[in-house]
Engineer: 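This is the structure I have questions about; it appears just below.
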Amino acid sequence: MSSEISEPVLQLRNIVKKFGDFTAVDDINLDIGDGEFFTIVGPSGSGKTTMIRMLVGMDRPSSGDIILRGQRINDVPANKRPTCMVFQSLALFPHKTVGENIEFPMKIAGVEPGKRRERADELLAQLRLPLAYYSKGVNQCSGGERQRIALARALAYDPDILFFDEPLSSLDFRLRKTLEKELKDIHRETKKTFVYITHSLEEAMVMSDRIGIMNAGEMIQVGTPAEIYDAPRNKFVGEFMGEVNTIEVERVSEKHVRSLSDGTEFTVAREPDNFERGYLIIRPEIVKIGRPAEDLPNRVHGTVFNDYSLGSRIQYQIRSKSDQYQWLVERLQDEPYEGKLDDEVYIGWQSEDAILVSD
Amino acid sequence: MIRWLMQPGVRAAVPISILLLLGFIGPLLMVTGYSFMPPRTFSLTGTPTLANFISIISDSYYISFLWSVGLAAITVLILLVICYPVSYGMAKMFGPWANLVTMIIAVPLLVSENIRLFGWVLFLLKNGIADGSLQYLFGIHLPSILYKVPAIILGLVYVYLPFMLFPLVIGLSMVPNAVKEAAFDLGASRFQVFREIEVPLAMPGILIGSLLVFVLALGSLAESKILGGQAVIMIADDIESAFTFAQNWPKGAMLSLLLISSSGCLIFFLFKRIDLDRIIGRR
């Protein structure tokens, strides 16, 4: 899958949102394709919530255009837009039953009660909720059930685009994993455009066709999960992917860089245009340790001082002899490093596995 | 029994229990007792009789009772209209200024109700502050509402405003913003959000405020006496005259009993019909 999209349903042009002197969203341009599962990822304070509130119509951009199927919709209020959102808090109506919650958008639209009931039953079935839940109070339902009710209510609105403001963030790990996959299924079944925001890149990777990474109000990188994983555009994206080793380096000659802390030289397979100074990003899982590292072009000598079990993998921390940098190395659980703690070892990697970025 | 009495909770409840027993339950029982005594007697040892009840329903007391109910109901309605926007602001919009508004509204409570009402008399009096200012500034002279029904309503609305406002503030602050936004996002107009989401969710506050004001206004006396002159006799007026001027304690007691039980019934049925737990979302 490439980052080219067929026909954009939503286009953002130079979107800026200011609160007083503070710029929450800074000049964002983005096309979201029809039927796409697009995820905006960013740490808290990155502007992603401000962003989605503008897309849904709760807030207006300070400048720029939001274009839905060719129509500028900046000034269209949320209740007149063919889009809707699943809130972080879910925002179910506590005084209404599950059925009344799901039927709410249809009741507002003036659908007759018989048809509403029919559709509500359909949605309950689609979201794997028992039909008997129709007359249950929403506060009697569990966390996972409430997620499904909120999604059913949003689908009952029959929106062109469905937005999600990290609704899964309050759930425990296992339930979250289940619901992520269910959401992906629902996306495939309904063929609607989903725009999801989250602070968890891992969550984004599981579900999305494309991901946009935001930081400090800017869209740093947009691409498929594989593109972002293979070629993070800068240190922020690289480190946002998970735990990585980051070394500050400067250029020595073509495809040769030198660590700023201790002068160790490394080789790389690719370098960005006009590279002078920047960061070398090395993922823990591609670093070899011990014997297999000894013949590699890039090597660091250090002491193993910690190991952690991460379930399927084991993580080792190795303190470099020359600059005390604490390297992370990961092995699969069934092929662990043979040595002991406090051993002096070499760690190393192939030149093409490291990623060099400018900022 | 001894062990039960030694529990800290029970011991801590002893002072308030004694106070309630002597100061609330006791007088209530005495009023009930007196209301079944022969008219114009002053002891609780006479033969129980329904004479007071019969004389009350065959007389025209229902007029003052209806005035009380009517004025109380109007007061509740006016206060709902006045207080809803203010409490919305206090719950959702004023932020730190809400405390100042609370102060401004609460401070007059430190002054005796009668004194505040006499203040209104000076204000509304013919050639008083309002009338005099209008004459001086614009040369117009308007008839005074003092000693008429509107003045009573003004007094009731003024005196009982905090009892409506504060429950409403609590009620409205219980409505999560996200829930209203969600309804709006799902296509509801602002009025539909108000009707379908905000009012039902704020209902506990609306109900408690309305009941407090209604019950207090039903038993009010000072407003009709001070601001209303003798324009209207409210039921509390009748009760007072029965106990004082007419020296007919049993009749006054029976009137009180009827007033208390009718407002009690109202509260009971309202709370029974409206399921507070479900509104608050506990079920």
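Throughout, a chain's letter reflects where its sequence line sits, starting with A, and its residues are numbered from 1. Because the structure is a prediction, the values reported are computed rather than measured.
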Engineer: Please indicate whether Y62(B) has more than 12 foreign heavy atoms, meaning atoms of other residues, nucleotides or ligands, lying under 6.0 Å from its OH.
Structural biologist: no

Engineer: Got a second to check how far H95(A)'s NE2 is from I197(B)'s CD1, nearest 0.5 Å?
Structural biologist: 4.5 Å

Engineer: Would you compute the distance between atom CD1 of I108(A) and atom CD of E196(B) and round it to the nearest 0.5 angstrom?
Structural biologist: 5.5 Å

Engineer: Is it the case that over 12 heavy atoms from other parts of the model lie below 6.0 angstrom from the CZ atom of R190(B)?
Structural biologist: no

Engineer: From L186(B) CG over to F93(A) CZ, what is the distance, rounded to the nearest 0.5 angstrom?
Structural biologist: 5.5 Å

Engineer: Please give me the minimum heavy-atom distance between A182(B) and A91(A), naming the atom from each residue.
Structural biologist: CB-CB, 3.7 Å

Engineer: What part of K107(A) gets within 4.5 angstrom of chain B, counting heavy atoms only: side chain, backbone, both, or neither?
Structural biologist: side chain

Engineer: Applying a heavy-atom distance below 4.5 Å, give me the residues of residues 158-170 of chain A that approach chain B, sorted by number.
Structural biologist: none

Engineer: For E189(A), look at atom CD and say whether over 12 heavy atoms of other residues, nucleotides or ligands are found less than 6.0 Å away.
Structural biologist: yes

Engineer: Around atom CZ of R11(B), are there more than 12 heavy atoms from other residues, nucleotides or ligands closer than 6.0 Å?
Structural biologist: yes

Engineer: Where along residues 42-61 of chain A does a heavy atom come under 4.5 Å of chain B, listed by residue number?
Structural biologist: R53(A), V56(A), M58(A)

Engineer: Do you know the tightest heavy-atom contact between F104(A) and A188(B)?
Structural biologist: CZ-CB, 4.0 Å

Engineer: If you look at every heavy atom in P94(A) and L201(B), which pair is closest and at what distance?
Structural biologist: CG-CD2, 3.5 Å

Engineer: Is E181(B) in contact with chain A via its backbone, its side chain, both, or neither, using a 4.5 Å heavy-atom distance?
Structural biologist: both

Engineer: What are the two closest heavy atoms between F87(A) and D185(B), and how far apart are they?
Structural biologist: CE1-OD2, 4.4 Å

